[in-house]
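Lettering follows sequence order; numbering is per chain, from 1.
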2 protein chains.
Amino acid sequence: MSRKIFVSAKEVAERAGVSRSAVSRTFTQGASVSQETRRRVIEAAEALGYHVNHLARGLMRDESGIVCLIAAELDTPYRASLIRALTRHLQSASKIAMLVNTDRSDESVGQALRLAISYRADASIILSGMPARSITDICLKSGQRLVLINRDEERDGALMINLNDRDAAQRAFLALLRAGCRSFAFANSEALTPSLMAREEGFREAGRKHGMEVAVERFGATTYESGLVLAQRLLTRESRPDAIFCANDLIACGVMDAARHQFKLDIPSQLCLIGFDDIEQAKWSSYNLTTFAQPVDEIAAEAVTWLAHAPSQVRSRKLVAELVWRGSVRGG
Amino acid sequence: MSRKIFVSAKEVAERAGVSRSAVSRTFTQGASVSQETRRRVIEAAEALGYHVNHLARGLMRDESGIVCLIAAELDTPYRASLIRALTRHLQSASKIAMLVNTDRSDESVGQALRLAISYRADASIILSGMPARSITDICLKSGQRLVLINRDEERDGALMINLNDRDAAQRAFLALLRAGCRSFAFANSEALTPSLMAREEGFREAGRKHGMEVAVERFGATTYESGLVLAQRLLTRESRPDAIFCANDLIACGVMDAARHQFKLDIPSQLCLIGFDDIEQAKWSSYNLTTFAQPVDEIAAEAVTWLAHAPSQVRSRKLVAELVWRGSVRGG
DNA sequence: TTGTAAGCGTTATCAC
DNA sequence: GTGATAACGCTTACAA
């Protein structure tokens, strides 16, 4: 099929009139080569268009330089920004990202992990789903690093990065209470992921603590469209909520649009809304959404630092999502 | 640092009581192995957690299975959805995506391409920027496939996938004209990419053809925020436009928000708007934007089909972006 | 500093 | 169908 003919170190060596090892050393960090040899090698390499074969290099070294990113729904705003941050940080650490698109099933995550093993990835970063222990065990036993972002199950030897979802939800409740809201609701999807559930439970718990009922509605995927449906359901209840905490910004935008355009409610005077993630659209003036900011860059930095450096003792990091005050809650 | 100890074919062979070649054949498409041998190999492999080393395999075969995706601003809605589509299609073709995040500079694209060569990628797909000919020549000479999406410069041997930006822009003009608009404007960024410029020129040309002046404003990056500024500039002109064609949806959303919230204009009765891309947010009821839909899935399918199959004669594909009628243009 | 030689884990070729 | 053996392109002792 495709006849690939890349130039090899041997050819460079011949042209430069040195040995193959000299070429290798020229392109290896901290190897000892004389100025003169290096110069001649570089020159020949340049002329021939030589590039070290990382496949072969990965065979010898115990680092391939590859890190596997495993995620579903890559085009979701929050996910996309996390992937961007991760690739950026990885590249700064001289690693390269392999991107595997899974559906939500744990089976497909397992498949992705197998792929990561096949390419001898130095690490895998899992953003969606939770693979079976059998496969993560192989990863870890093989010496592959594993980073779990916003998953709750543990894996010995893996790094878990989590947010203070529960606390944030409680803060959300307090903020809404202070804004004078009396009837609280939580708009969730049916995805039931750890972080989404933690937000729901945190919010419920805060309600309980203050002796207030929290209406909870769950529907479909974690999308804008679900937000529309959720608003429909919540805002037609006999005791209509005047405060809705949404599982994430996408849902919040849907809820807001339905509340405004369908129920003709004014935000925030008749309905206060809080989201989660602080996606780009939350800042858009049509939404101007009060929400919790995911520390995307910090998450990426933590992950990459951990997997690039010595296996430190830290097994779990909890980062905080700060409340960003905008216009969807009174006062502030 | 990290002690990686993956299990090799040799170990599987020993455990299964067969030769290394038997193991290799078991995992190679269309190799001849007896039922019995295969069974024993699979069993041993399973027990040991063996996975074929794609690095080593890529060394022998002339296919690594790796395809390099090169793009800037990965978290932009359109880009993110294209990346999602590409990874999905690549995976269906048993390829794996490597993701390289560039800034807009052509230099960084060149770096990305070098990386692609280093990992012996079967192909590179460029979504942003345009690398120097010197480096693309190396790619092509090495037998690496090259796909350019929405770039205008040619590279012999590469596949170019383009949209009918010019025609679309002309259609946009006609649609706005038919809606009764009298004063036309184009809101562009300063990115000056081929597709953005083609849209601008197509729109201008259509105006000229109908003897109408088209106001053009360019500002900043291709973002929502730029849209806000562009609206500011366009809507304060002495002859305020009642029709604005925007370089893309992000800008359109910004223009719309500024027009509504700042200038208190009603869409579409006082101002008609057309965007480009048909990002998720264009469907959101706050925008309900009439726009051209990028055939994202088709683009991805074209690209992957081409690079997975025999080097067909086709060097360039022009796909069409269809106009999606929503509520930001009168009539329709 | 340099070259020689022995791997790394595969697959492809070749006898059997 | 199977098992040796020779690549593939690189890194790294080791000896010079």
Rounded to whole Å, how long is the line connecting atom [atom1] of [X] with atom [atom2] of [N]?
X: A:Y119; N: C:dC8; atom1: OH; atom2: P; answer: 23 Å
X: A:R20; N: C:dA6; atom1: CZ; atom2: P; answer: 12 Å
X: A:I117; N: C:dG9; atom1: CD1; atom2: C1'; answer: 16 Å
X: B:F6; N: C:dT10; atom1: CZ; atom2: C1'; answer: 15 Å
X: B:N53; N: C:dC8; atom1: CG; atom2: C1'; answer: 9 Å
X: A:E63; N: D:dT12; atom1: CD; atom2: P; answer: 11 Å
X: A:R61; N: D:dA13; atom1: CZ; atom2: C1'; answer: 15 Å
X: B:H54; N: C:dT10; atom1: NE2; atom2: P; answer: 11 Å

Would you classify A:V33 as touching base, sugar-phosphate or nothing, given that sugar-phosphate means primed atoms plus P, OP1 and OP2, and contacts are heavy atoms under 4.0 Å?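 Answer is sugar-phosphate: A:V33 comes under 4.0 Å of backbone atoms only.
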Regarding A:F27, tell me which of base, sugar-phosphate or nothing describes its non-hydrogen contacts under 4.0 Å with the strands shown.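 Touches nothing.
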Reckon B:S32 has a side-chain N or O less than 4.0 Å from the OP1 or OP2 of D:dG1?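 Yes, B:S32 has a side-chain N/O under 4.0 Å of OP1/OP2 on D:dG1.
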Can you check whether A:L319 reaches A:I161 side chain to side chain, under 4.5 Å on heavy atoms?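 Yes, close enough: below the 4.5 Å cut-off.
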Between [options], which nucleotide gets closest to the side-chain atoms of [X]?
X: B:R57; options: C:dT10, D:dG9, D:dT11; answer: C:dT10
X: A:T37; options: C:dT2, C:dC8, D:dA7; answer: C:dT2
X: A:T28; options: C:dT10, C:dA12, D:dT12; answer: D:dT12

Under a 4.0 Å N-O cut-off, is there an ion pair linking A:K4 with B:E63?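 No, A:K4 and B:E63 are not salt-bridged.
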When the nearest nucleotide of DNA chain C is assigned to B:R25 and to B:L59 on a heavy-atom basis, which residue is associated with the more 5' position?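 Result of the comparison: B:L59.
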Closest nucleotide of DNA chain C for B:S8 versus for A:S34: which of these residues is on the 5' side?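 Closer to the 5' end of DNA chain C: A:S34.
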Exercise: do B:S128 and B:R79 side chains pair donor with acceptor under 3.5 Å: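 The criterion, which ignores hydrogens and geometry beyond distance, is satisfied for B:R79 and B:S128.
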Distance-only donor-acceptor check, side chains B:S64 and B:R120, under 3.5 Å: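 No donor-acceptor contact under 3.5 Å links the two side chains.
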Taking for each residue the nucleotide of DNA chain D with the nearest heavy atom, is it B:G17 or B:M60 whose nucleotide lies nearer the 5' end?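 Its nearest nucleotide lies further toward 5', so the answer is B:G17.
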Starting at the 5' end of DNA chain D and moving along, which residue's nearest nucleotide shows up first, B:V18 or B:R120?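 So the residue in question is B:V18.
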What about A:S21, does its side chain sit under 3.5 Å from the base of C:dT4 through a donor-acceptor pair?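 Flag set: donor-acceptor pair detected.
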Using side-chain contact (heavy atoms from CB on, under 4.5 Å) as the criterion, point out the one residue from A:V147, A:T87, A:V100, A:I126 that pairs with A:L69.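 Considering A:V147, A:T87, A:V100, A:I126, a side-chain contact (heavy atoms from CB on, under 4.5 Å) with A:L69 is found only for A:T87.
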